[in-house]
Protein chains: 2
Amino acid sequence: MNIEETIKATNKLPESRRLILNILVTANHINDRIGEALKGFDLSIPQFNVLRILRGQKGKPANLSTIQERMVSRMSNTTRLVDKLIAKGLVERVTCEANRRKVEISITKKGLEFLHEVDPVIDNIETEITSRINSVENELINEKLNELRA
Amino acid sequence: MNIEETIKATNKLPESRRLILNILVTANHINDRIGEALKGFDLSIPQFNVLRILRGQKGKPANLSTIQERMVSRMSNTTRLVDKLIAKGLVERVTCEANRRKVEISITKKGLEFLHEVDPVIDNIETEITSRINSVENELINEKLNELRA
DNA sequence: ATACAAATATTGTTATAACAAATGAATATA
DNA sequence: TATATTCATTTGTTATAACAATATTTGTAT
């Protein structure tokens, strides 16, 4: 289904707006699918995002600003987001000794095990969605999206 | 800049996740740009979205469910979103005589004039972003995004 | 007609996000 | 060294979103 149908646009959209809307609607669709799956794990998308970032650190702790700059969707209060993950025992935080303004945040063993359970569910969704186009097309869209953000 | 750099991914991303992340990050980028511009008009993105939907009705009022199914980002409480627009005098609501469960929502003259001011600002952003790729590429991405949502 | 179910919107409540201000620590400057 | 400035995070407050429950009207079956 094309975007015009999807959002039931009544009048013809200019080419620029059509692409913009399509990207936004598609992103929304993806978020809905992933968010729905994460609900089964009592995890929000930003929380999942932070967990993956911390795992990506491979043991090395991250401070708040590092997390923020790597998040898909930048957010104002990452502190409280981390608080939630700490409350669940998935993450831990110690104040950095070298620079006591900073904090060192890292994923716990429990957090890693938890992610390990969640991963395949999300992987399935991601591959299911992207499998509808081929590798060449995938790569092309990647390039073009990069250009749009340039 | 590619997504790996943009989100500073430490390890190589599988092709499926890379595309998914790229779409999400790009959508976020677009929303940030548009949201920033709308702030000058004291308007949120969903509010702007509703106004455009109502204008698209060309005089014919819309009820809540119609608005919801046309929104880029489906939301649970459209009632209160419309309330905000009514408070600003940009929209009006009367209960539908034919089916008194429904309401008839329409954009006011003031709302139309207001949109007319906002439009060029958003148009500029949309064309500025999309002008970085050509028409053929634009069309191709549109098609492929449609397939991803299929 | 009456009762029951479905449609449509609203309201209440709780969680999350956005924004601004404040804290505390490090660094630069005089 | 004292003071100001900047940095990194936290906290308070307000706005918005998500979720569940509640009207209210309509449609349907008996």
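To find a chain, count down the sequence lines: A is the first, B the second, and so on, and within it residues start at 1.
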| Any chance the side chains of B:Arg100 and B:Thr95 put a donor and an acceptor closer than 3.5 Å? | no
| Can we say B:Lys8 and B:Glu4 salt-bridge, meaning some charged N sits less than 4.0 Å from an Asp/Glu carboxylate O? | no
| field | Within-4.5 Å side-chain heavy-atom neighbours: A:Asn146 and B:Ile3 | value | yes
| task | Not counting sequence neighbours, which residues clear side-chain contact (heavy atoms from CB on, under 4.5 Å) with A:Lys39? List them please. | result | A:Glu36
| message | Just by distance, no angles: are the side chains of B:Asn138 and B:Ser135 close enough, under 3.5 Å, to form a donor-acceptor pair? | response | no
| N/O (side chain, A:Lys39) to phosphate O (OP1/OP2, D:dC19) under 4.0 Å | yes
| field | For the student: nearest non-hydrogen atoms of B:Ala27 and A:Leu24, plus distance | value | O-CD2, 3.6 Å
| Per-nucleotide protein contact string for nucleotides 10-15 of chain C, where B marks a base within reach and S marks sugar-phosphate only (heavy atoms under 4.0 Å, - for neither) | BBBB--
| Is there a donor in the side chain of A:Arg149 and an acceptor in the side chain of B:Asn22, or the other way round, less than 3.5 Å apart? | yes
| Pairing residues for B:Thr127 by the side-chain contact (heavy atoms from CB on, under 4.5 Å) criterion, not counting sequence neighbours | A:Ser16
| task | Name the residue closer to the 5' end of DNA chain C, choosing between A:Arg100 and A:Leu81 according to the nucleotide with the nearest heavy atom. | result | A:Leu81
| message | Check this for me: does any side-chain nitrogen of one of A:Lys144 and A:Glu147 sit under 4.0 Å from a carboxylate oxygen of the other? | response | yes
| field | Shared-cluster residues of A:Leu140, by chain and number - hydrophobic side chains joined below 4.5 Å | value | B:Leu140
| task | Rounded to the nearest angstrom, tell me the gap between atom CG in A:Asp42 and atom P in C:dT16. | result | 9 Å
| field | Of residues 51-60 of chain A, the positions that come close to DNA chain C - non-hydrogen atoms, cut-off under 4.0 Å | value | none
| remark: When rounded to whole Å, the CE to C1' distance for the pair A:Met71 and C:dT16 reads 12 Å
| request: Measure from CG on A:Asn99 to P on D:dA8 and round the result to the nearest Å. | output: 7 Å
| message | Tell me the interatomic distance from B:Glu69, atom CD, to C:dA9, atom C1', rounded to whole angstroms. | response | 15 Å
| query | Expressed in angstrom and rounded to an integer, what is the separation of A:Asn63 atom CG from D:dT10 atom P? | reply | 10 Å
| Phosphate OP1/OP2 of C:dT16: any A:Ser44 side-chain N/O under 4.0 Å | no
| Strand contacts (DNA chain D) in residues 25-33 of chain A, 4.0 angstrom heavy-atom criterion | none
| Rounded distance in Å - CD1 (A:Ile45) to P (C:dT16) | 13 Å
| request: Tell me, yes or no, whether the heavy-atom count around A:Lys109 atom NZ, taken from other residues, nucleotides or ligands under 6.0 Å, exceeds 12. | output: no
| request: Compare the minimum distances between each of D:dT9, C:dT8, C:dA17 and the side chain of B:Lys102, then state the nucleotide with the smallest one. | output: C:dT8
